[in-house]
Engineer: 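Supplied in structure tokens, the structure appears directly below.
So you know, we letter chains A, B, ... as the sequences are listed, proteins then strands, and number each from 1. What you see below is based on every heavy atom in this structure, not just the backbone, and it leaves out hydrogens, waters and symmetry mates.
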Protein chains: 2
Amino acid sequence: MKINNDSNTEKSILEAAERLFLQKGFSLTSTTAIGKEAGCNQALVHYYFRTKERLFEAVFENKFRLFVSGLVQKVDSGLSFEEKLRTAIEAHYDMLAANPGIPFLIFNELTTNPRRLENFKSRIRELPVTVLKQFQKELEEEIKKGKVRPVAPVDLLLTIISMNVSLFLVGPVIKTALDLSERDYKKLLESRRSENVAVILRSLRP
Amino acid sequence: MKINNDSNTEKSILEAAERLFLQKGFSLTSTTAIGKEAGCNQALVHYYFRTKERLFEAVFENKFRLFVSGLVQKVDSGLSFEEKLRTAIEAHYDMLAANPGIPFLIFNELTTNPRRLENFKSRIRELPVTVLKQFQKELEEEIKKGKVRPVAPVDLLLTIISMNVSLFLVGPVIKTALDLSERDYKKLLESRRSENVAVILRSLRP
DNA sequence: ACCTTATTTAATAGCTCTATTAATTTATAA
DNA sequence: TTATAAATTAATAGAGCTATTAAATAAGGT
């Protein structure tokens with residue numbers, strides 16, 4: 001019999017699903033389309049993943065982990081607060097630039113599917129609290145030292161997420177609306193990388 | 001015969017559609033559900049609007065106009081540049097706060113439906129150019145005067161949109177994730193109103 | 001009262017989608 | 001080579017959705 005050594009098919013189904021889900025979201029993607037994109041029968045999609053839901057979860061889980069890991073990660077502790085912040089923002093941005101479909105997938109699914117949102121809530125609780133506590137502590141110290149204006153940690157976080165995430169949510173619309181070439185769009189994104197950092201750091205000045 | 005004087009039904013169908021489309025988007029809302037929500041037969045939805053698509057367009061058109069009017073509007077020309085900017089940002093914010101479902105509706109539909117995106121493109125061209133030109137001119141003057149750091153108009157616009165729009169895109173997720181009460185959520189939104197202005201104005205300091 | 005037109009409903013055609021099942025092909029171990 | 005299990009396909013059940021149609025009801029004008 002054939003053992004499941006390098007089952008190419010399962011992988012290509014997963015990849016096809018990934019592409020389509022990122023493009024169209026869950027409900028607008030049919031298993032038929034996934035099969036076609038993967039170059040196989042639609043029944044095979046169900047053979048490997050049983051339900052569309054399970055397949056989606058495999059993709060979502062994966063993307064969600066990426067999204068979070070881009071947000072919460074260790075930065076070199078030898079740096080100044082400002083440098084740490086810059087590094088974190090840029091890392092977050094870079095993760096999104098490498099996976100520009102993630103914001104759409106996550107926000108679309110979380111806002112339209114209550115069950116997924118509940119699931120998300122429990123995920124949030126599992127986040128490494130220490131990283132956040134540390135962030136909060138350092139921010140408060142900077143404020144005490146007068147190097148940063150008084151600002152709530154949640155506000156700073158929201159600002160960072162707003163600036164980075166929304167760029168990739170709104171980006172495709174901007175691209176079409178302004179009729180940007182692929183090249184010009186790339187340039188716009190690239191320029192926003194430093195612009196985002198600039199806006200956020202300036203917003204912290206006392 | 002009955003003339004179409006105060007046909008209550010058509011209106012309640014439109015309102016029901018509005019609620020559901022804003023909540024779930026186009027594809028996840030069925031005309032059956034719209035009929036139910038409006039308290040009538042599903043066939044009646046088609047009787048008044050012929051197709052789901054036309055009904056959606058009636059809603060979308062309406063919401064889109066709101067969205068744009070909140071963005072591009074005359075402000076008192078006696079004010080300083082900073083005050084004008086503050087007024088515009090707050091007006092934009094207020095429009096979104098009054099219609100928090102709009103960003104989801106617009107971005108969801110524009111990213112999943114290419115036809116609608118094309119339509120959107122032609123709409124953009126019809127925007128009052130004078131307002132934008134004026135904005136650009138005033139910004140450049142402020143930069144020349146050294147009161148504002150050098151920044152491209154498109155960057156400033158993107159920042160404003162990012163800060164305001166993304167708040168209402170991400171908001172519902174934040175609310176659930178952090179388990180905020182209705183009251184606390186309102187408070188968060190309210191505090192972001194001034195925080196957004198603060199971030200944007202600070203980001204312009206030379 | 002009667003005719004005409006508007007409103008509303010029930011029924012259904014026709015489509016697409018998910019998931020399953022039974023049958024077929026492929027690969028491999030013995 | 002043959003038996004066996006995995007991989008793949010074709011077919012289809014069953015559900016939901018949009019849109020239409022024909023019939024029923026309401027309402028107003030004359």
Engineer: Do NZ/NE/NH1/NH2 and the carboxylate oxygens of A/Arg202 and A/Glu82 come within less than 4.0 Å?
Structural biologist: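 A/Glu82 and A/Arg202: not salt-bridged.
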Engineer: Take atom CD of B/Glu53 and atom C1' of D/dA19, then tell me their distance rounded to the nearest Å.
Structural biologist: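 My rounded result for the distance is 14 Å.
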Engineer: Under the criterion side-chain contact (heavy atoms from CB on, under 4.5 Å), I'd like the reasoning laid out for B/Phe107 against A/Leu169: C-alpha separation, chi angles, the key distance, then a yes or no.
Structural biologist: CA-CA 8 Å; B/Phe107 285 99; A/Leu169 280 174; 5.7 Å; no
Engineer: Taking 4.0 Å as the cut-off, does a side-chain nitrogen or oxygen of A/Tyr47 come that near to OP1 or OP2 on D/dT8?
Structural biologist: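 For D/dT8, neither OP1 nor OP2 has a side-chain N or O of A/Tyr47 closer than 4.0 Å.
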Engineer: Indicate whether OP1 or OP2 belonging to D/dA19 is found under 4.0 Å from a side-chain N or O atom of B/His46.
Structural biologist: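 Yes, because at least one side-chain N or O of B/His46 sits under 4.0 Å from OP1 or OP2 of D/dA19.
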Engineer: Considering only NZ, NE, NH1 and NH2 on the basic side and carboxylate oxygens on the acidic side, decide whether B/Lys186 and B/Glu190 come within less than 4.0 Å.
Structural biologist: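 Looking at B/Glu190 together with B/Lys186, the answer is no, because their closest N to O distance does not fall below 4.0 Å.
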Engineer: Count the heavy atoms of every other residue, nucleotide or ligand shown that sit under 6.0 Å from NZ of B/Lys36, and state whether that count exceeds 12.
Structural biologist: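 It does not: B/Lys36 NZ has 12 such atoms or fewer within range.
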Engineer: Considering every strand and a 4.0 Å limit on heavy-atom distances, what is the contact class for B/Thr29: base, sugar-phosphate, or nothing?
Structural biologist: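 Answer is sugar-phosphate: B/Thr29 comes under 4.0 Å of backbone atoms only.
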Engineer: When you check the phosphate oxygens OP1 and OP2 of D/dT8, does a side-chain N or O of A/Tyr48 lie under 4.0 Å from one of them?
Structural biologist: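 For A/Tyr48, the contact criterion (side-chain N or O under 4.0 Å from OP1 or OP2 of D/dT8) is met.
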Engineer: Does A/Phe26 have A/Arg116 sitting over its ring (NZ/CZ under 6.0 Å from centre, angle to axis within 45°)?
Structural biologist: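 Satisfied, under 6.0 Å and within 45°.
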Engineer: What is the distance, to the nearest angstrom, from the CD1 atom on A/Ile34 to the P atom on C/dC17?
Structural biologist: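 It works out to 11 Å between those atoms.
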Engineer: What is the distance from CG of A/Leu28 to P of D/dC17, rounded to the nearest Å?
Structural biologist: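 For the pair A/Leu28 CG and D/dC17 P, the rounded distance is 14 Å.
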Engineer: Separation of B/Lys52 atom NZ from D/dT18 atom P, in whole Å?
Structural biologist: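 Between P of D/dT18 and NZ of B/Lys52: 4 Å.
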Engineer: When the distance from CG of B/Leu55 to P of D/dC17 is rounded to whole Å, what number comes out?
Structural biologist: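 So the two atoms are 16 Å apart, to the nearest Å.
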Engineer: Treating A/Asn164 as the side-chain partner and A/Leu96 as the backbone partner, does any N or O pair qualify as donor plus acceptor under 3.5 Å?
Structural biologist: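 Here the side-chain-to-backbone pair does not exist.
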Engineer: Any chance the side chains of B/Arg192 and A/Thr159 put a donor and an acceptor closer than 3.5 Å?
Structural biologist: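 The answer is yes; a qualifying pair exists.
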Engineer: Tell me, for nucleotides 11-16 of chain C in 5' to 3' order, what letter each nucleotide earns: B for a base near a protein heavy atom under 4.0 Å, S for only sugar-phosphate near one, - for neither?
Structural biologist: ------
Engineer: OP1 or OP2 of D/dA19 versus the side-chain N and O atoms of B/Thr31: is any pair under 4.0 Å?
Structural biologist: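 No, B/Thr31 has no side-chain N/O under 4.0 Å of OP1/OP2 on D/dA19.
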Engineer: Among D/dT20, C/dT9, C/dA19, which is the nearest nucleotide to the side chain of B/Leu44?
Structural biologist: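 When the side chain of B/Leu44 is considered, C/dT9 is the closest of D/dT20, C/dT9, C/dA19.
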Engineer: Nearest whole Å is fine: how far is D/dG16 P from B/Lys36 NZ?
Structural biologist: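 To the nearest whole Å, that distance equals 12 Å.
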